[in-house]
Amino acid sequence: MKFRNVTPVVLAAALALSTAACGGGGGGTPSQPSGGDSKSFEFWSFSGIDQKSSVDDYQKQNPGVQIKLTEVGSSVETAQALTTALAGGKVPDLVLIQGDDLPKFVQQPQNFYDLRQLGADKIKGDYLDWVMSASTAKGGEIIGIPTDVGGMAVAYRADLFKEAGLPTDREEVSKLWPTWDAFIETGKKYTAKTGKAFMDNAATSVFYQAVNQGPQKYYDPSGNVVYSTSPQVKTAFDLSLKAVQAGITAKQGSFTEGWTAGMGKGQFAVISAPSWMLGAIRRNAPDTKGKWDVATIPGGAGNWGGSYLAIPKGAKNAKAAWEYITKNQSPQGQLAHFLDSGSLPTTPSVYKDAQLTGLKDEFFSGAPIGAIYTNSLLGLKPFYIGPDSSAIGQELQNAITNVEQGKGDPAKAWDTALANVKTAIGK
């Protein structure tokens, strides 16, 4: 999607999922949804991604279709609302679920339509295997169709780099930081020269990027929790503290009012930018057009984000919801979304399409974003996302932010984070 509030936290009332009603008000079988209006449906999305424009476009292209869109709140708040709705039996016909929030729902596939019975078995091969597997339950049920992935890059202010005496050409800038250590060293040079912060914050622009770049994150491939012993996690955490202690961050939490304002005022020169972040920069800092550019992420590859469309089992208008999914999330539909908004397709058949590979973004100084983001994604080694990934990530980020805000001791931050994770998930 174009922009998501991705700060991950554990889903509230998770136990409710295990007791949620399996039937709901729809009646019929999953393969033959009954009742309701086949041209109308209720859609829950998270806010901040301009979902309304996608819905409006769909309604224009499909006269007579009426979609009741509710932007519930952040991605986490939307997942929490869905958890409550599943327990109560009154659910939307369609819901957007952010990737980090998906695993808990996949563990309870009886609460959703098995989309194979609506036709997902015929189209699942259109999507990246590792993305599709995340929405597939142990019994083979498919509960969600992916909408996008978040290949990573770095957005930087070329004008501010020039003032700091740093290279401005994107290829030269990419060479400045082949590693995260080099990225931090570049930040030190920038801050020493300008007296200003290099990046927005360490929790998302370092930790959340670096931790998403290896083959193992908070779980091993067998689904065992390994956050406390994973070298990838500890390395990313230490890099974040190193950035904080270097004094190169603006201490502005992502998606906050201060962060939005700072983006337009040039209070920081760099944001680690998954593909959907470009839309956020355009909307939040429209007067900076032509001042930004896009360079390669340290390490070259990674993924932050990605969402899924799912149909709760009690949906009254499942057929209309499924038609929306199949029309919007086909390979050509995802390509169109990328050309319009920067939502990186999950459909590899379009990765060599000239419209994608040749796409340049004039807001970002003509950066070849199609090539940059697909190259980032193709170099990714996917990792297992578990049911408590959101909670684990949140506590680790909280510990980093506490140090950044002067509330935490960097020497104790790791141990504090581990203790808080254990409290949050019980292991």
Donor-acceptor pair, side chain of [X] and main chain of [Y], under 3.5 angstrom:
{"X": "Asn224", "Y": "Asp220", "answer": "no"}
{"X": "Ser74", "Y": "Glu77", "answer": "yes"}
{"X": "Ser174", "Y": "Thr296", "answer": "yes"}
{"X": "Asn303", "Y": "Gly150", "answer": "yes"}
{"X": "Thr256", "Y": "Gln252", "answer": "no"}
{"X": "Thr347", "Y": "Asp126", "answer": "no"}
{"X": "Asp340", "Y": "Ala336", "answer": "no"}
{"X": "Ser389", "Y": "Ile385", "answer": "no"}
{"X": "Thr346", "Y": "Tyr127", "answer": "no"}
{"X": "Arg170", "Y": "Ser365", "answer": "yes"}

For this session: List for me each residue that meets ring pair (Phe, Tyr, Trp, His ring centres under 6.0 Å) alongside Tyr384, sequence neighbours excluded, and say none if there are none.
Result: Tyr219

Exercise. Quick one: ring pair (Phe, Tyr, Trp, His ring centres under 6.0 Å) partners of Tyr58, sequence neighbours excluded?
Worked result: Tyr324

Say whether [X] and [Y], considering side chains only, have a donor N or O and an acceptor N or O under 3.5 Å apart.
{"X": "Glu71", "Y": "Gln51", "value": "no"}
{"X": "Gln213", "Y": "Trp304", "value": "no"}
{"X": "Gln108", "Y": "Gln110", "value": "yes"}
{"X": "Thr326", "Y": "Trp322", "value": "no"}

Distance from [X] atom [atom1] to [Y] atom [atom2], nearest 0.5 Å?
{"X": "Ile281", "Y": "Lys289", "atom1": "CD1", "atom2": "NZ", "answer": "14.5 Å"}
{"X": "Leu128", "Y": "Ser133", "atom1": "CG", "atom2": "OG", "answer": "10.0 Å"}
{"X": "Leu115", "Y": "Ser135", "atom1": "CG", "atom2": "OG", "answer": "8.0 Å"}
{"X": "Phe338", "Y": "Tyr351", "atom1": "CZ", "atom2": "OH", "answer": "9.5 Å"}
{"X": "Leu309", "Y": "Phe43", "atom1": "CG", "atom2": "CZ", "answer": "5.0 Å"}
{"X": "Ser230", "Y": "Gln216", "atom1": "OG", "atom2": "CD", "answer": "5.0 Å"}

For [X], give me all partners under side chain to side chain donor-acceptor pair (under 3.5 Å), at least two apart in sequence or on another chain.
{"X": "Asp169", "result": "none"}
{"X": "Lys52", "result": "Asp56"}
{"X": "Lys188", "result": "Glu185"}

For the student: nearest non-hydrogen atoms of [X] and [Y], plus distance:
{"X": "Phe207", "Y": "Ser240", "answer": "CB-OG, 2.8 Å"}
{"X": "Ile184", "Y": "Leu239", "answer": "CD1-O, 3.5 Å"}
{"X": "Phe268", "Y": "Ala250", "answer": "CD2-CB, 3.8 Å"}
{"X": "Val131", "Y": "Tyr308", "answer": "O-OH, 2.7 Å"}
{"X": "Leu94", "Y": "Ala321", "answer": "CB-CB, 4.0 Å"}
{"X": "Ile142", "Y": "Ala120", "answer": "CD1-CB, 4.2 Å"}

For this session: Report the C-alpha distance between Asp238 and Lys242 in whole Å, list the side-chain angles of each, state the deciding distance to 0.1 Å, and finish with yes or no for salt bridge (Lys or Arg N to Asp or Glu O under 4.0 Å).
Result: CA-CA 6 Å; Asp238 288 346; Lys242 184 176 181 180; over 6 Å; no

My understanding is that only residues two or more places apart in sequence, or in another chain, count here; which of them pass side chain to side chain contact (heavy atoms under 4.5 Å, CB included) with [X]?
{"X": "Asp129", "result": "none"}
{"X": "Ala137", "result": "Val106, Pro109, Glu141"}
{"X": "Gln405", "result": "Lys251, Thr401, Lys407"}
{"X": "Pro178", "result": "Ala182"}

Exercise. Does a side-chain N-to-carboxylate-O contact under 4.0 Å join Lys104 and Asp388?
Worked result: yes

Exercise. Could you walk me through whether Tyr227 and Val421 pass the side chain to side chain contact (heavy atoms under 4.5 Å, CB included) check?
Worked result: CA-CA 9 Å; Tyr227 66 89; Val421 171; 3.3 Å; yes

Exercise. Given Ile369 and Lys360, is the side chain to side chain contact (heavy atoms under 4.5 Å, CB included) satisfied, shown in steps?
Worked result: CA-CA 6 Å; Ile369 62 172; Lys360 297 181 179 180; over 6 Å; no

Exercise. When you look at Ser343 and Gln334, which way does the side-chain hydrogen bond (donor to acceptor under 3.5 Å, both in side chains) test go after all the steps?
Worked result: CA-CA 8 Å; Ser343 299; Gln334 292 205 1; over 6 Å; no

Exercise. Which side-chain hydrogen bond (donor to acceptor under 3.5 Å, both in side chains) pairs, counting each pair once, include a residue from residues 192-203, with sequence neighbours left out?
Worked result: Asp200-Ser205, Asp200-Trp259, Asn201-Thr204, Asn201-Ser254

For this session: Give every residue pair that meets the side-chain hydrogen bond (donor to acceptor under 3.5 Å, both in side chains) criterion with at least one member in residues 151-166, sequence neighbours excluded.
Result: Arg157-Asp159

For this session: If the plane angle is over 60° it's perpendicular, under 30° parallel, otherwise tilted; pick one for Phe183 and Trp180.
Result: perpendicular

For this session: Measure up the Tyr190 and Phe198 rings against each other and bin them: parallel (under 30°), tilted (30 to 60°), perpendicular (over 60°).
Result: tilted

What I'd like to find out is whether the side chain of [X] reaches to under 4.5 Å of the side chain of [Y], using heavy atoms alone.
{"X": "Val154", "Y": "Trp177", "value": "yes"}
{"X": "Asp148", "Y": "Leu344", "value": "no"}
{"X": "Thr288", "Y": "Met263", "value": "no"}

For this session: Decide yes or no on side chain to side chain contact (heavy atoms under 4.5 Å, CB included) for Thr235 and Gln232, but give the supporting numbers first.
Result: CA-CA 5 Å; Thr235 296; Gln232 179 179 333; 6.0 Å; no

For this session: Return the set of residues passing salt bridge (charged side-chain N to carboxylate O under 4.0 Å, His left out) with Asp57 (not counting sequence neighbours), or none when no residue passes.
Result: none

Problem set entry | side chain to side chain contact (heavy atoms under 4.5 Å, CB included) assessment of Thr374 paired with Lys352 | CA-CA 9 Å; Thr374 51; Lys352 294 184 180 180; over 6 Å; no

